[in-house]
There are 2 protein chains.
Amino acid sequence: MLQTFVLFLHSVNTSVGAVGPNESGCGNAVKKNQKETIYDIAAKAGASASTVSAALNGTWEKRRISRATAERIIAIAREQGYSINLQARALRTSRSGLVALLVPEYNRFFSSIAQTFSDEVRARNQCPVIISTGRDTQKEHDTVTDLMSWSIDAIFFVGAVAPDELSRQCQSADIPHVFVDQPCDLAPSVVTDSRTGARILTREILSSMTHRGVRIGESPRDTIYFLGGDRRLPSTRNRVEGFSDAVYAHVGHLEPEQVIAETYDLDAATESIAALYRKMGGLPRGLFINSDSVFEGALRFLATLPEAELAECSMGCFDYEPLGQLLRFPVHMMRQRHKMLVQRAFTLLEDKSPPVTEMVQPELYPAPGSRDPEGRAFSR
Amino acid sequence: MLQTFVLFLHSVNTSVGAVGPNESGCGNAVKKNQKETIYDIAAKAGASASTVSAALNGTWEKRRISRATAERIIAIAREQGYSINLQARALRTSRSGLVALLVPEYNRFFSSIAQTFSDEVRARNQCPVIISTGRDTQKEHDTVTDLMSWSIDAIFFVGAVAPDELSRQCQSADIPHVFVDQPCDLAPSVVTDSRTGARILTREILSSMTHRGVRIGESPRDTIYFLGGDRRLPSTRNRVEGFSDAVYAHVGHLEPEQVIAETYDLDAATESIAALYRKMGGLPRGLFINSDSVFEGALRFLATLPEAELAECSMGCFDYEPLGQLLRFPVHMMRQRHKMLVQRAFTLLEDKSPPVTEMVQPELYPAPGSRDPEGRAFSR
DNA sequence: CCTCGGTGCACAATCGATGTTGCAAACATT
DNA sequence: AATGTTTGCAACATCGATTGTGCACCGAGG
């Protein structure tokens, strides 16, 4: 993960670790096992527990402990391999040093988020706790309840299903929190600008259809479909809107059936695209795929088709999948800036921001060999 | 994640949650914010704190509290939205209810492991803590030190770099632990049988080379290369051995330069394969890719080549990557059984197993259209 | 010599839950 | 009625760190 990962809240001094593989060279290694406390250290240093506490947690200057005493204590603690009991600290201070990240599941996007999150948390000398809630409202709620029992210091919600209720729950327990990739009216949020992103991606797909000579709207197959996601969720809704914007601007009309957005489920995606294929007797000429999991699901079906058929369909995926650019057919992708999302979220949290929603633009990764709207070939 | 996620250790009774969005309908919602304790509940129930404690944590029968009293207390706690302070419990009992998983990074394989791990932990009413240590010995050590401060109940190490030292560290603090995907002599371990797996995968690659008419060994390019991973790590070592076994059995000899295994780094993989290509004036006819990250790195270079060149190389990847089967060229894959790995690890831990190493066989996913050793076409 | 403002530290009260111990009352036994 | 034996619960010490308070001691100033 990151740097030294000192869990301790205050000063680096506290981390007096390095127990070493076993400093007792004596054959019958008497593990000085069970925990030493500040009282033990105090005894060995000829000081009081409170002095030891102050020395070790870095508050010794404020508490007017002499530098000499503090350093002596720190040295002893280090050599004894003392390790603080964080439950005791948390109980006393009612701050646990735990920061939670709730994600719907562990896919590529959320894993990236998790990685960045962990790094940031540990850079702050706190401990990241990452939990997935499977897009289930009840689990989200229960998880927060449980985190409260841990005196959690802050919670980051990613793609929460019921943000408002979660926010109320956190507020009632005074837990600082932010939402990522899913806006909430009641708390600060950082989201990808899905609507704009979807508009751009759709435009890209449409443009590549045009370049392939498709006359959009001429037949039912000569159009673009939106596949996957859950239209009850804002992110999907925004993407559908961006998609619609672009389609309207380019084509002038959009049939309801062109948007298939009931679920993020992988198998459902496989089935949807297969059904579409059967119904139309072939792939549509354009396809907007709503996320990497939907992408994977769709690919299960697409992989069964001959290449020639795939070549007839221009695709775009609202997510970045590195291997996606190496498929047997071109796919445009929108990459969410996960690092920026998380870092902005930290900023909002630390600034005790009011309930604003920050937008982060995703990046377009055009399919290799595709052309930009002006017709120049992209080079990546 | 999973089911109800009651963090509480003992009985379900303890979970008296469901604060509800706000049961105080009164306009000026006076958040009954700051925590209620068992003392408050005790006062309201006309009982003592110890009785409340017993009632709530399910030990009331043992403590000979009458059912009537217990149920009254539980009802009050529920209606007050009482939430236990787990730090206090952990301090008192010196069991935190936290179970940690240390992974090198968040890639697809480790994320799958993490998901299974989380589910299992939560099924046991404990709290999963997942931390990545970036394959850094020092970070591993420090992380364990910190986890000790949390009175962690158990640690799962996945792909640890220095297992022996970690095990000693855990032993000296009496922390139950297991190793996954990386054996340790001092503690129970569950690993993928890399050697056998690599042998099978290599055989598959060689056989597909043969079917393509390659006469192995005839020219420097008419052979198979091993790419990526860190030969200082047992998993890579075992894969190299399995690779060597198969090559020796099939070809009779193996040049040292056929094995490139210095690092898992993605960029290094890109560079390695590019260098190989330059040196030999083309791709080797066979390529064993050591992990999904190496795969991704290699693909960055491979994607720049014309398809005709890719078609000349038989590839195998020791990891499963769903999109890998949909590339413009066939790739055999070995899938590690992540779920089984984790579940076995739990079993070993719960049985307080001695330091044994359990092997789990990976599954071969042959490239679509490839043939098994007897020459029959695979059908998937 | 006596007070006064720093220093430098020890004491003791917390934080909230657990669990051992002990003590009433209720009931049973002879 | 006197003596066990349950039943049902309250008191209290405890886990280990933090922190408000107080009190010695020191040198300086009057």
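Side-chain contact between B/Pro128 and B/Val99 is absent, with no heavy atoms from C-beta onward closer than 4.5 Å.
Taking only side-chain nitrogens and oxygens, B/Asn57 never comes nearer than 4.0 Å to OP1 or OP2 of C/dA17. Taking only side-chain nitrogens and oxygens, A/Ser48 never comes nearer than 4.0 Å to OP1 or OP2 of C/dC9. Here B/Tyr82 reaches the OP1 or OP2 of C/dA17: one of its side-chain N or O atoms lies under 4.0 Å away. Taking only side-chain nitrogens and oxygens, A/Ser53 never comes nearer than 4.0 Å to OP1 or OP2 of D/dA17.
For B/Thr51, the side-chain hydrogen bond (donor to acceptor under 3.5 Å, both in side chains) partners two or more places apart in sequence, or in a different chain, are B/Ser48.
The separation between A/Ile41 atom CD1 and D/dT18 atom C1' is 16 Å, rounded to whole Å. Separating the CZ atom of A/Arg92 from the P atom of D/dA17 is a distance of 13 Å, rounded to the nearest angstrom. Between the P atom of C/dG16 and the CG atom of B/Asn85 lies a distance of 7 Å, rounded to the nearest Å. Between the P atom of D/dC12 and the OH atom of B/Tyr39 lies a distance of 11 Å, rounded to the nearest Å. Rounded to a whole Å, the CG atom of A/Leu91 is 4 Å from the C1' atom of C/dC15. One can place CH2 of B/Trp60 at 14 Å from P of D/dT7, the figure rounded to the nearest angstrom. Atom CD in A/Gln87 sits about 13 Å away from atom C1' in C/dG16, given to the nearest Å. Look at CE on B/Met148: it is 15 Å from C1' on D/dG16, rounded to the nearest Å.
With B/Thr347 contributing its side chain and B/Gln343 its backbone, the two residues share a donor-acceptor pair below 3.5 Å. In this structure, B/Ser96 contributes its side chain and B/Ser151 its backbone to a donor-acceptor pair below 3.5 Å.
Residue A/Ile38 places its side chain closer to D/dT18 than to any other of D/dG16, C/dA17, D/dT18. Relative to the side chain of B/Thr51, the nucleotides D/dC9, D/dA17, D/dT19 differ in distance, and D/dC9 lies closest. Comparing D/dA10, D/dT19, C/dG16 by their nearest atom to the side chain of B/Ser50 picks out D/dA10.
Across all strands, A/Thr37 comes closer than 4.0 Å only to sugar-phosphate atoms, never to a base (heavy-atom distances). B/Ala90 comes within 4.0 angstrom of no nucleic acid atom, judged by non-hydrogen atoms across all strands.
Under the side-chain contact (heavy atoms from CB on, under 4.5 Å) test applied with B/Phe157, the options B/Val144, B/Thr133, B/Asp181, B/Thr143 reduce to a single match, B/Val144.
Of all the residues in residues 62-71 of chain B, B/Arg63, B/Arg64, B/Ile65, B/Ser66, B/Thr69 reach under 4.0 Å from DNA chain D with at least one non-hydrogen atom.
For B/Trp150 against B/Leu98, the heavy-atom pair with the smallest separation is CB-CD1, 4.1 Å.
Below 30°, between 30° and 60°, or above 60°: for B/Phe346 and B/Phe156 the angle between ring planes is between 30° and 60°, a tilted geometry.
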